[in-house]
There are 2 protein chains.
Amino acid sequence: EQEYDDEGNLVICRLSAKRKVTIQNFRGANLVSIREYFHDGGVERPTTKGISLNEEQWSNLRKNIPAIEKAVKDMQDRDI
Amino acid sequence: EQEYDDEGNLVICRLSAKRKVTIQNFRGANLVSIREYFHDGGVERPTTKGISLNEEQWSNLRKNIPAIEKAVKDMQDRDI
C-alpha cells in the first residue's frame, strides 16, 4: 500500500500538488526529504528546491515544532 | 531576545551548524523556511538548498509528523 516516487523513495505525504515529504536512504543514512517535484513526461522528478534532513536534523526540527508554531501564530496575530 | 538572520528573518532554531528554520514574510505571506546558509565574510547568507513552506504546506507537514516519525522508526528497525 505504500507509495514510492520515481526514484524509489517512500512517499510519506504531499504538502501541495508539487511538494512531497519522502524518506530517502542515502549511503545507509535515512533522510527526511521535503522537496518540490516537476513532471518530466510521465515521470515525476525531484528539483533542487528542497532539503534532505538527516536523523539528527529531523529530530531537532521535531523538537522545535512548538517554537515554530508559536512564531507562526505570533505572525498571524500581528497581521490582524 | 529574538534572533534575526542577516536578511531580517526571525530565526526559530538551528538544525545543524549551517541549517536553520526561520520565519520569512514574503509579500505579506508568512513562510516557514528550512534552509542551509553559508558564511560570506562575516555575513551568513541563505543558499538555494532549502524550502520555504507557506502556512498551508507547513500545516500539512505538522499534521504528518506522526506518519514521518513512524516511517523513520520503521527504517531504523529495518537497519538493525
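Labels below follow one simple rule: chain letters A, B, ... track the order of the sequence lines, proteins then strands, and each chain is numbered from 1. Note that the coordinates shown come from a computational prediction; the quantities given were computed from them, not determined experimentally.
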Chemist: Are A:Ile65 and B:Leu31 linked, directly or through intermediate hydrophobic residues, by side-chain heavy-atom contacts shorter than 4.5 Å (ILVMFWY only)?
Modeler: no
Chemist: Taking all non-hydrogen atoms of both residues into account, name the closest pair between A:Ile51 and B:Glu36 and its distance.
Modeler: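 Nearest pair, atom of A:Ile51 first, then B:Glu36: CD1-N, 4.1 Å.
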Chemist: So, taking the atom named CD in A:Glu55 and the one named CE in B:Met75, what distance separates them when rounded to the nearest 0.5 Å?
Modeler: 10.0 Å
Chemist: Could you tell me which of A:Lys70, A:Glu69, A:Lys49 has the largest number of non-hydrogen atom pairs under 4.5 Å with chain B?
Modeler: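 Top option by heavy-atom pairs under 4.5 Å: A:Glu69.
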Chemist: Return the minimal non-hydrogen interatomic distance between A:Ile23 and B:Ile68, and the atom names on each side.
Modeler: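 Looks like CD1-O, 4.5 Å.
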Chemist: With rounding to the nearest 0.5 Å, note down the distance linking NZ in A:Lys63 to CG in B:Leu15.
Modeler: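 With rounding to 0.5 Å, NZ (A:Lys63) is 10.5 Å from CG (B:Leu15).
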Chemist: Which answer fits A:Leu10, side chain, backbone, both or neither, if we ask what part of it has an atom under 4.5 Å from a heavy atom of chain B?
Modeler: side chain
Chemist: Less than 4.5 Å to any heavy atom of chain B: does that hold for the side chain of A:Thr22, its backbone, both, or neither?
Modeler: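 Contact with chain B involves no heavy atom of A:Thr22 at all.
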Chemist: Mind checking whether A:Tyr37 and B:Ile34 sit in one hydrophobic cluster, side chains of I, L, V, M, F, W, Y counted as touching below 4.5 Å?
Modeler: no
Chemist: Checking heavy atoms, do the side chain of B:Ser52, its backbone, both or neither come under 4.5 Å from chain A?
Modeler: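 It is the backbone, since no side chain atom gets that close.
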Chemist: Looking only at heavy atoms, what is the nearest atom pair of B:Ile12 and A:Ala71, with distance?
Modeler: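 Scanning both residues completely, I find the closest heavy atoms to be CD1-CB, 3.3 Å.
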Chemist: If you tally heavy-atom pairs under 4.5 Å against chain A, which of B:Gly50, B:Ser59, B:Cys13 wins?
Modeler: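 The candidate making the most pairs under 4.5 Å is B:Gly50.
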Chemist: Stepwise, does the side-chain contact (heavy atoms from CB on, under 4.5 Å) test hold for B:Val21 with A:Leu61?
Modeler: CA-CA 8 Å; B:Val21 179; A:Leu61 177 63; 3.8 Å; yes
Chemist: To the nearest 0.5 Å, how far apart are NZ in B:Lys18 and CD in A:Gln57?
Modeler: 10.0 Å
Chemist: Against chain B, label A:Val72 side chain, backbone, both or neither, depending on which of its atoms sit under 4.5 Å from a heavy atom there.
Modeler: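 When you check distances to chain B, atoms from both the backbone and side chain of A:Val72 fall under 4.5 Å.
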Chemist: Using non-hydrogen atoms only, which part of A:Leu53 is less than 4.5 Å away from chain B: side chain, backbone, both, or neither?
Modeler: both
Chemist: Specify which of A:Arg19, A:Arg35, A:Glu56 makes the most heavy-atom pairs with chain B at under 4.5 Å.
Modeler: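 Between A:Arg19, A:Arg35, A:Glu56, the count favours A:Arg19.
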